[in-house]
Amino acid sequence: MQDSLRERWDGVRERISAACAKAGRAESEVLLLAVTKVFPATVIEEAYALGMREFGENYVQEFESKRPLLSELPGARFHLIGHLQSNKAKKAGELFDVVQTVDGPKLARRLDELGKPMDVMVEVKLADEEAKHGCDPAELSAVVEAIRRSANLRLTGLMTIPPWDEDAEKSRPYFARLRELAAAQGLQGLSMGMSNDLEVAIQEGSTIVRVGTALFGRRQKA
Ligand SMILES: *Cc1c(COP(=O)(O)O)cnc(C)c1O
């Protein structure tokens, strides 16, 4: 029989707890972001009913269609963790509380112009894979400055997605690099680590782990 969402949630929280203990960190320093992309709105409601409050979605359009199906979920916060094109900034601003994937000054300006106070993170591209988005580390200072100059955006930290590898240790150098880049900018927040490598991420200082598969099971290919 399949584990229930409650059991999988407990399992993920135990992993976070063990990783924090091993790293000598307080559990309260690490936020569990439940990544619900591809899953229906009912799954978000089920997770909310259990007590989850922070949700990650990848696609503006997908969440736009799910949002009206959700009842009022007081205290829930929705993070955009997928690439955001500037021309969708307005829609994203309406739908999301946090945009973790700001990757350039232009997108920062677009979000700022919406006039809505919003938490943002800068996505940094640390591997040169064609498919990955994010700002080049060399351009990070410019993006950080643009956000800091903005009236409505609050910069909370950096986010990255290492190349997928079954071996979680392969992610470590990317996580360590993100931590160094954040420290150099005086930033605390580090969104890094997913189902497969959250322990390594927590050892390297993660403050937000983004977990999909370990909570909701494997996603069907869209
Ligand atoms: C899908 C996704 C996740 C969750 O990945 P899992 O391996 O299913 O935990 C985390 N972050 C981003 C940016 C994603 O796109």
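Just so you know, ligand 1 is whichever comes first in the structure, and atom 1 is the first atom listed for that ligand. Note that the coordinates shown come from a computational prediction; the quantities given were computed from them, not determined experimentally. What's counted below: heavy atoms across the whole structure, side chains too, no hydrogens, waters or symmetry copies.
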> Does the Asp112 side chain pair with the main chain of Ala151, one donor and one acceptor, at a distance under 3.5 Å?
yes

> Can you find a side-chain donor-acceptor pair between Gln185 and Ser141 that sits under 3.5 Å?
yes

> Indicate, with yes or no, if the rings of Phe55 and Tyr48 have centres closer together than 6.0 Å.
no

> Should Val211 be listed as contacting ligand 1, given a heavy-atom distance under 4.0 Å as the test?
yes

> Report the nearest protein non-hydrogen atom to atom 1 (C) of ligand 1: residue, atom name, distance rounded to 0.1 Å.
Lys37 NZ, 1.3 Å

> Any N or O on Arg210 sitting closer than 3.5 Å to an N or O of ligand 1?
yes

> Atom CZ of Arg110 and atom CD of Gln85: how far apart are they, to the nearest 0.5 Å?
11.0 Å

> Taking the non-hydrogen atoms of Gln100, is any one of them nearer than 4.0 angstrom to ligand 1?
no

> Under 4.0 Å, heavy-atom basis, I'd like to know which part of Asn196 is in contact with ligand 1: side chain, backbone, both or neither.
neither

> Aromatic ring centroids of Phe216 and Phe39 under 6.0 Å?
yes

> Considering only the protein, which heavy-atom contact is closest to atom 9 (O) of ligand 1, and what is its distance?
Ser195 OG, 2.5 Å

> Please say which of Glu57, Gln100, Arg210 ends up in a side-chain hydrogen bond (donor to acceptor under 3.5 Å, both in side chains) with His79.
Gln100

> Which ligand 1 atoms are under 4.0 Å away from a heavy-atom of Ile81?
11 (N), 12 (C), 13 (C), 14 (C)

> Applying a 4.0 Å heavy-atom criterion (strictly less than), which segment of Asn58 is in contact with ligand 1: side chain, backbone, both, or neither?
side chain

> Quick one: CZ on Arg218 to OG on Ser195, what's the gap to the nearest 0.5 Å?
11.5 Å

> Enumerate the atoms of ligand 1 whose separation from the nearest heavy atom of Thr213 is less than 4.0 angstrom.
6 (P), 7 (O), 8 (O), 9 (O)

> Is there a nitrogen or oxygen of Met194 sitting under 3.5 Å from a nitrogen or oxygen of ligand 1?
no

